[in-house]
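Take a look at the structure below.
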Amino acid sequence: MLREKKLEKLLIRLKNETDILGEIYDLMHDDIYRYIYSIVKSKEMAQDLTHDTFIQIYKNIHLYKENGHPKAWIITISRNITYMSFRKHNREQVVDYEIDAVDEGMKDIHDKMMIRVLLDKLSVEEREIIILHVEEGLTFKEISEIMEMKLTTVLNKYHRSLKKLKKSLEE
């Protein structure tokens, strides 16, 4: 919660102080990169789209409303940029099976591979809901707003995805 408040203050200050963008970058870079990577599965493309996200944050800061959900606002920007990139290049999904540090907390490559294999069994949309809730800590309400879905749809997809993952683990 402290991090969210700090981010809120930084976004408000960014409207008048352009040098604040670096602090926002330091605070949010890893989250945005991991989120985008979970969708595109390409290290280089995720880096480019993360960079583009921060450019768009800067360009669109005037649209940010105080007392909003700063992380959800930024995730929405990164999601829009990612899907615009897909449309632009007429790609549905970029596949890159290179193992990297998607989750820095994991120490074992085997665990990373196992999670990658499990998540690959989900659709892009299901994977996105899981990542936004579990990794990024967003509420289901925030996820429904970002993904422009009904809250019940997000909840159903989340629970179905968990069942799929559990079934895959049992196999």
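Numbers here simply count residues along the sequence, with the first being 1. Worth saying up front: this structure is predicted, and the values here are computed from it rather than measured. The figures that follow rest on heavy atoms only: side chains count, while hydrogens, waters and symmetry mates do not.
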Task: Reported CD1-to-CG distance for the pair Ile24 and Leu10, which is rounded to 0.5 angstrom - done: 5.0 Å
Taking distance alone, no hydrogens or angles, what donor-acceptor pairs closer than 3.5 Å link side-chain atoms of residues 149-158 to residues at least two apart or in another chain?
residue: Asn156; atom: ND2; partner: Thr152; partner atom: O; Å: 3.2
residue: Lys157; atom: NZ; partner: Glu125; partner atom: OE1; Å: 2.7

Task: Any side-chain heavy-atom pair of Leu162 and Ile130 under 4.5 Å - done: yes
Open item on the list: With a 6.0 Å cut-off (strictly less than), is the heavy-atom count around NE2 of His51, excluding the residue itself, greater than 12?
Closed with: no
Open item on the list: Quick one, Arg3 and Lys71 - any side-chain contact, counting heavy atoms below 4.5 Å?
Closed with: yes
TODO: Indicate yes or no: at least one non-hydrogen side-chain atom of Leu7 is less than 4.5 angstrom from one of Met28.
DONE: yes
Task: Non-hydrogen side-chain atoms of Gln47 and Tyr37 separated by less than 4.5 Å - done: no
Open item on the list: Set out, in order, the CA-CA distance, both residues' side-chain angles and the distance that settles side chain to side chain contact (heavy atoms under 4.5 Å, CB included) for Ile57 and Leu11, then state yes or no.
Closed with: CA-CA 9 Å; Ile57 289 169; Leu11 287 173; 4.2 Å; yes
- [ ] Please report the closest heavy-atom contact between Ile75 and Ser78, naming both atoms and the distance.
- [x] O-OG, 2.8 Å
Open item on the list: Rounded at 0.5 Å granularity, tell me how far CE in Met84 sits from CZ in Arg79.
Closed with: 11.5 Å
- [ ] Would you mind reporting whether Ile39 and Arg127 have side-chain heavy atoms less than 4.5 Å apart?
- [x] no
- [ ] Check whether any side-chain heavy atom of Glu128 lies under 4.5 Å from a side-chain heavy atom of Ser38, and answer yes or no.
- [x] no
- [ ] Kindly compute the distance separating CD (Glu136) from CD1 (Ile143), expressed to the nearest 0.5 Å.
- [x] 9.5 Å
Open item on the list: When you compare the side chain of Leu122 with that of Ile129, does any pair of heavy atoms fall below 4.5 Å?
Closed with: no
TODO: Can you label the angle between the Tyr33 ring and the His29 ring as parallel, tilted or perpendicular, going by 30° and 60°?
DONE: parallel
TODO: Side-chain contact test, heavy atoms from C-beta onward, threshold under 4.5 Å: evaluate it for Lys9 versus Ile12 and give yes or no.
DONE: no
- [ ] Given salt bridge (Lys or Arg N to Asp or Glu O under 4.0 Å), test Asp52 with Lys59 step by step and report yes or no.
- [x] CA-CA 10 Å; Asp52 293 348; Lys59 286 181 177 179; over 6 Å; no
